[in-house]
Each structure stands twice: as structure tokens, then as C-alpha cells.
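What follows is a single structure, written as C-alpha cells, with notes after it.
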Amino acid sequence: MFLVEETPVILDDASKRGTPVRRRYRVWIVMAALTLLGTMALLLSNMVSVLPSASAGALSLVPHSLVPRSLWSRRVSNSFRRNTFTDYACTAATSVLKKSSKTRYYTFTVTQVTTQPDGYERVMTLINGQFPGPLIEANAYDTLIITVVNQGVEPTSLHLHGLFQEGEGYYDGPVGNTQCAIPVGESFTYKVKLHGQYGTFWYHSHYLTQYNDGVVGPLVIHGTEETSLMNQYDFDQVIMVQDYYHTESSVLLGQYIVQGKINFPPVPDNALINGAGYYNCSGEDVDGTCTQSEAKRNVLYFKKGATYRLRVINVGALSSIEFSVDNHKLTIVEGDAVLTDHYEVDSLHVAVAQRYSVLLTTDQTNADAFWMRANIDTSCLPPSASTNWNPNGTAVVVYKKYYSIIEQLLGLTHILSASITADTSYTGSATGTLNFGGCEVMDDSMLTPSISDDPGEPDFMYEVDVSFAINGTDFFSAYINGTQYISPAQATLYQTIMMYRDADTEDTNSTILSNHTGVLPTGTYNGDPNQFVINFPERGKTADILIMNKAGGLHPFHLHGHVFSVRGMGASGTWDYSMLDTLPTTNLMRRDTVMVPGWTLIRVYFNNPGLWSFHCHIAWHLEDGMYMQWLVDADSISTWSPPQAWFDLCPS
């Protein structure tokens, strides 16, 4: 059998970007045959529509080495759309070193699918029948046009997590905040200008707890600022880690929020890596259909002696994940789309919704197969009711020098397997972390941004208190500063825009939005007492925000439309306002999602007009009311012109 060298994208030479590696064997007859086979495979892949989601994790049907050079580079530079057989490998476009822009089109069809990502059969809500969803990949000045077609059984929306949505906050996605939901049988198109952002992001539904059912996927944006980093690795790979449930989220939500009862969030059944994982189908409390042969792990064949950029994204609902690869060091180079100075760790603690890029070099000589681990931090969870749950997700990294022609044709450089395992064990130790009650949290003070962007001294300071309490209707609910968030029928951004267009309200509420700094009066939004909004009539203000956790546990808080600087965090009972002058203020780690143990202090430069969500990203807590909003420059918002289709989503 003929052998050809593996063909990654060259990332260390801008002149070769998007060009396959020179092949080892140049027998012209063989190459002519490969070109013909590659062309046929490319045509075949273009005819593939939706395949069973259990195939997710296998390689793209058309390995780049088998596609004629002209076809391959054109395919990469003009479109990043990928089919169901995807390894979530990234490929920088040829235009990445230019500030040129392209418009990239995607159609996301949301449907319900019965599938078995870990062997246990359940109904999921998926994009294009795929779990996780397709990789969106673009350059920093591109425009994304994403049409969401809702053929599911409940409303939906799409949030591109971490994007600023400058000047077009109505495309941000949270139902009840920046839009009303896309009804069943309808569609909506998001037109998103990237405005120079780059790094690792993800997308998900922002309707109830729907993303737990599978409406998630990766988003990678390449920028010129990463040129130096690109010179340091050979391959670019997305790794999505998550906790995973065998029951639909709507059912679990109904069991969690129960009148007259104090409940803990539901504990997951498994942990997955790139949408696949092992589960013991013969366990004593398995009460559904579970097929052991379908309990497959991802097997990732990595080239020996190469360096990989692993973009690790926690797309889960509840759990922090400890990520590691046995016997390999991980060097952090990015956190939440902010480049960092190199920081080496044995394992990586990733809170829900956080992202990190780490460099891994395949330089080990004592083995050729290694466990990749995504372990749920069980010390932070309530006890599981199941005796069969698996908190330790695994995939297998296998060193390989060459791929055969048949392996490349069949896409066997990444596969799903129920039988391939590794013999290694984790020998590292937690580094770069803080411990709160047994829960490990990444210590942001250990990370230094490669590009400093300090927000300056604060104009304001606000304390945001997070708590749980029994509400007036006897439900155990989450509160921020005494307000339980309940999603309104009309999105608050819709209401904001209409305040300036409706003559009946223009002289009252719109005047408040244009002039009142601080907490808006209760009932500003249609008399609704469940909207807690802090207002900055002018953009360009800086605020220190102290998040006080009076609810217990740990909470990953996410701010839409901005990044913030992390000044510090601590355990319950350790905060004192005299600390304000002692905590660092310069070259702080910036991110959009931060863990809150007892307290966390962040500094935000509110320079982006919009009505931005700020919430716990534990899906169950968000839906229970742990959610508030920041209004920035309402006068600018009043000049926005959302498409008519956006207005049509909201009831009159």
C-alpha cells in the first residue's frame, strides 16, 4: 500500500498559508491517480447533506492532501462550511494576513434527532443533524450571515458567545433580552460583522436551557495579531468538553424548579469530548435504550514530533472541567479570545463557557497512545442520584507518522471507536489554580495578556449580590440585588427601541434611559418588576463591579458585548472594601466569563452601545433568575435600524 505524508496547513510561513505540505513520494502515475480520486471525493462530499450525528468526530470526507492544489486552496479561502464528518480542525485562510473581508454564508436547520452520542439513546435538538454543530471559521474582518431555520418542536435563537456585536446588538441572541424567540416553523437571519475580533469563541441557543440538548458549536476567527503565535504550531484543533445529560433539558428544568421545594441543579450523566464518550450500558440503573457498541470515544491521530494548538471550549451546562493529556504539558496561550504570555500547566481547569488555547507537542517516547481527559470537578457538584454516572470523559490521542491512502480517503485520521484505549495514567498535578472548598478554579492572576489594554481608573463602582431565596409564589429562585429575572414576552431591547419610537412613552421612559445613570427604576420596562438594569447614558465609562456570591457554590458569570479585567477573587467572608486600593489594576487578564467563588472583582470599560446580558452561565441558575442587564448609550440604540424580521419576532 502506498504511503503519503500527513498534510497539515503550514502556519509558520505566511507565503505558504493554505498550501499542502510537499509530499514524500512524487511518482507521477500515483499522483495522477490521487488527484482523480481526490476530485471524485470532493464531488461526493459536496453531495453529502446530513448524516447521523453518531458520525460526528470522524474526519472530513475529503482530506486536503487528496484534493488538487487549486481546488483545495479555493475551497479554503472562499468557504469554511464543513460537512457532518468533521474533526473540528481549523485551517487559516490565505487572506488572514490581509485586512480583506469576505461574507460567509451558513444555513443552520434546527431539528429534533434521536441519537446515541455515548451509547445511551435520547432525543436531542441539533443543528443540521450534527452534534456538536458545524465549525464556523472566518477571518477578523469577515461578515457572517447565518440563517437559522427552526424545524424543531420549540422556539430557538442563536448567540455567538464572546462576539461584541458592535452597532448591531439586536443580533446577540438572548431571548427576552436582545430578541424574541424564533418560532417553530419560522426562520431568522443573523448578519454579524466581526469588526476585527479574533480568537476562540463558540455559539449556542439562548432560549431556556435548550443548548444543553445539543444546539452548540465552535467558532474560530483568525486575525493578524496571531501571526507570531501561528509560527509556533503546526496544527489547529478544536476540543469541546462538556457535561452531558441523558434526559431532555425541559424535563430536567421542570424537576429542578418545583413549587415548595428547594432543589439542587440536576447532576449530569456523563462527560464528553467533541460530542462523544464512553458509558457503561450494563450499569444497574440504566433504564433506557443503551447500545454498548455505540459508546464510542474520539480517537485523534496526532503526528509525532508536531505542535498542536488545542482550542479547549467548555460547552456544558453545569460543571467545570479539568482537561489534560497524559504525559504532556499544556502551554496556555489564549483565554476567552485574549492572547496571553506562555504559561505551562499539567492540566487546565475550564469553567462553563470559558475557552483556552494550549500548545501541546507530541514529543513522548514511552508510548504511542495517551488518554485525553475531560474530568468533571465533582467536588463542586451535589451528590448524583445515579450509581452509573461517569464524570470522567476520555478520548485517545494516538501518535502516527504516516497515513495510508485508504485511511485518508475514508477519513480515518480521526475516528470514533468503542475499542481503542490507552494504557497511560495522569501523573500531573493541578497548577495555576485556586482552591475554594475543594473546587479548583483557574487563577487568572497567573495569566498575562500579550497585548495590554487597561481600561483606566473607574468612574463608578457597583456591587452585584447573587443569592437564592423563596419567592412570593413559593419557588426557590435566584436573585441579583433582590430581583429575580423572568424573561419578558417582549425583549427588553425591543422595548428600548420602541420607547423612542412610540409617542406615548417617548417623554417618560425614554427620558429616563437618556439621562438616568445607575439602577433603572423598577417597572421601567412595561411595569415589569423582574428586570434589573444598570444604565450608562454615555458610552466610555469604566466601572469596578464587585460580584458577591451569597448563593453558595461557584458561579461562572458571563458579560455580553464586552470583555473585562479580572482584579481578584476570594472565598466567602474574605472581602473588605479596604482591599480596593491593594488589588492590581494594570495588565490584568481580560476575559468575558469568570468564576465567582465568594467574591470576584472585575473592571469593565463600557464602550459598546447596547443592552447587554450579565448572568451565571450554569444553565439551570440562569433560567432560575440569576441574570441582569447593562444598558449602554440608549441614545445611540435609538438610532439603530434592525431588520423588519427582527421586529416581527416580538408580539405586538
Side-chain angles (χ1 to χ4, degrees), residues 132-133 136 157-165 172-174 177 197 199-221 238-245 249 265 268 271-274 311-323 332 334-338 348-357 374 376-377 380-381 439-442 444 447 466 478 547 549 553-564 566 569 589-597 600 602 612-624 626-628:
I136 298 176
S157 76
L158 189 71
H159 170 55
L160 305 183
H161 184 111
L163 293 191
F164 296 153
Q165 303 284 4
D172 193 42
N177 166 230
Q197 274 192 272
T200 305
F201 307 87
W202 64 300
Y203 62 83
H204 59 85
S205 167
H206 219 300
Y207 173 76
L208 299 179
T209 53
Q210 186 181 68
Y211 88 77
N212 306 348
D213 295 320
V215 188
V216 299
L219 168 60
V220 172
I221 306 173
V238 171
I239 303 291
M240 286 165 284
V241 297
Q242 68 179 110
D243 51 22
Y244 176 72
Y245 295 84
S249 69
L272 305 183
I273 298 176
N274 278 0
R311 300 177 186 259
V312 184
I313 311 170
N314 187 339
V315 300
L318 173 67
S319 312
S320 291
I321 299 289
E322 182 184 8
F323 174 82
I332 299 173
E334 177 207 7
D336 287 4
V338 174
L348 187 67
H349 286 264
V350 192
V352 172
Q354 287 185 334
R355 298 91 65 204
Y356 289 94
S357 282
I376 292 174
D377 190 347
C380 298
L381 300 182
C439 302
E440 297 289 340
V441 176
M442 197 69 201
D444 287 318
L447 302 179
V466 178
I547 313 166
N549 178 7
L554 280 78
H555 303 273
F557 260 76
H558 170 51
L559 176 62
H560 290 226
H562 299 78
V563 293
F564 46 76
V566 182
M569 61 178 63
M589 181 58 192
R590 302 186 305 277
R591 57 188 326 143
D592 58 56
T593 306
V594 68
M595 190 64 91
V596 181
T600 295
I602 62 176
W612 304 112
S613 298
F614 187 50
H615 60 81
C616 177
H617 219 291
I618 291 175
W620 317 108
H621 291 170
L622 186 159
E623 202 53 40
D624 203 16
M626 201 173 288
Y627 191 112
M628 64 165 289

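Reckoned from all heavy atoms, side chains included, excluding hydrogens, waters and symmetry mates.
Checking side-chain atoms of Glu334 against main-chain N and O of Thr200 turns up a donor-acceptor pair under 3.5 Å. Proximity of a side-chain donor or acceptor of Asp243 to a complementary backbone N or O of Gly316 within less than 3.5 Å is not detected. With hydrogens and angles ignored, the 3.5 Å screen pairs a side-chain donor or acceptor of Gln197 with a backbone N or O of Gly162. Using modelled atom types, no side-chain atom of Gln242 and backbone atom of Leu272 make a donor-acceptor pair closer than 3.5 Å. Judged purely by atom type and a 3.5 angstrom limit, Asp444 has no side-chain atom pairing as donor or acceptor with the backbone of Met595. Under a 3.5 Å cut-off, the side chain of His159 and the backbone N or O of His204 do not form any donor-acceptor pair. Proximity of a side-chain donor or acceptor of Asp377 to a complementary backbone N or O of Cys439 within less than 3.5 Å is not detected. Judged by distance alone, the side chain of Asp336 and the main-chain N or O of Arg355 form a donor-acceptor pair under 3.5 Å.
With values rounded to the nearest 0.5 angstrom, Tyr203 atom OH is found 10.0 Å from Ile313 atom CD1.
Of the candidates His621, His560, His555, His615 forms a side chain to side chain donor-acceptor pair (under 3.5 Å) with just one, namely His560.
Side-chain contact between Val596 and Val466 is absent, with no heavy-atom pair separated by less than 4.5 Å. Residues Ser249 and Leu208 fail the side-chain proximity criterion, which asks for heavy atoms closer than 4.5 Å. Put simply, the side chain of Leu318 does not reach to within 4.5 Å of the side chain of Val352, judged on heavy atoms. Taking the side chain as every heavy atom from C-beta outward, His349 and Tyr356 never approach each other to under 4.5 Å. Between Gln354 and Asn314, the closest side-chain pair of non-hydrogen atoms is not below 4.5 Å. Side-chain contact between Leu163 and Phe201 is present, with at least one heavy-atom pair separated by less than 4.5 Å. Using a 4.5 Å heavy-atom cutoff, the side chains of Phe557 and Thr600 are not in contact. Proximity of Leu447 to Val338: side-chain heavy atoms (C-beta onward) are nowhere separated by under 4.5 Å.
In terms of heavy atoms, Pro597 sits closest to Leu554 at CA-CG, 3.9 Å. Residues Thr209 and Ala619 share a closest heavy-atom pair of CG2-O, 3.7 Å. Residue Pro556 comes nearest to Ala351 through the heavy atom pair CB-CB, 4.2 Å, listed as atom of the first residue, atom of the second, then distance. Of all the heavy atoms in Pro218 and Met240, the pair that sits closest is CD-SD, 3.7 Å. Residue Gln210 comes nearest to Ser205 through the heavy atom pair OE1-OG, 2.7 Å, listed as atom of the first residue, atom of the second, then distance. Here the shortest heavy-atom pairing between Gly173 and Ser157 reads O-OG, 2.8 Å.
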- Task: Starting from the C-alpha separation in whole Å, work towards a yes-or-no answer on side-chain contact (heavy atoms from CB on, under 4.5 Å) for His206 and Leu622.
- Result: CA-CA 10 Å; His206 219 300; Leu622 186 159; 4.0 Å; yes

- Message: I'd like to know whether Met626 forms a side-chain contact (heavy atoms from CB on, under 4.5 Å) with Ile618, so could you lay out the CA-CA distance, the side-chain angles of the two residues, the decisive distance to 0.1 Å, and finally the verdict.
- Response: CA-CA 9 Å; Met626 201 173 288; Ile618 291 175; over 6 Å; no

- Item | Audit row: Trp620, Asn212, side-chain contact (heavy atoms from CB on, under 4.5 Å) steps and yes/no | CA-CA 10 Å; Trp620 317 108; Asn212 306 348; 3.5 Å; yes

- Output, in order, the C-alpha distance, side-chain angles, deciding distance and verdict of ring pair (Phe, Tyr, Trp, His ring centres under 6.0 Å) for Trp612 and Phe564. CA-CA 13 Å; Trp612 304 112; Phe564 46 76; over 10 Å; no

- Worked check of side-chain contact (heavy atoms from CB on, under 4.5 Å) between Ile136 and Val220: CA-CA 6 Å; Ile136 298 176; Val220 172; over 6 Å; no

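Remark: aromatic rings of His617 and Trp202 are close, center separation under 6.0 Å.
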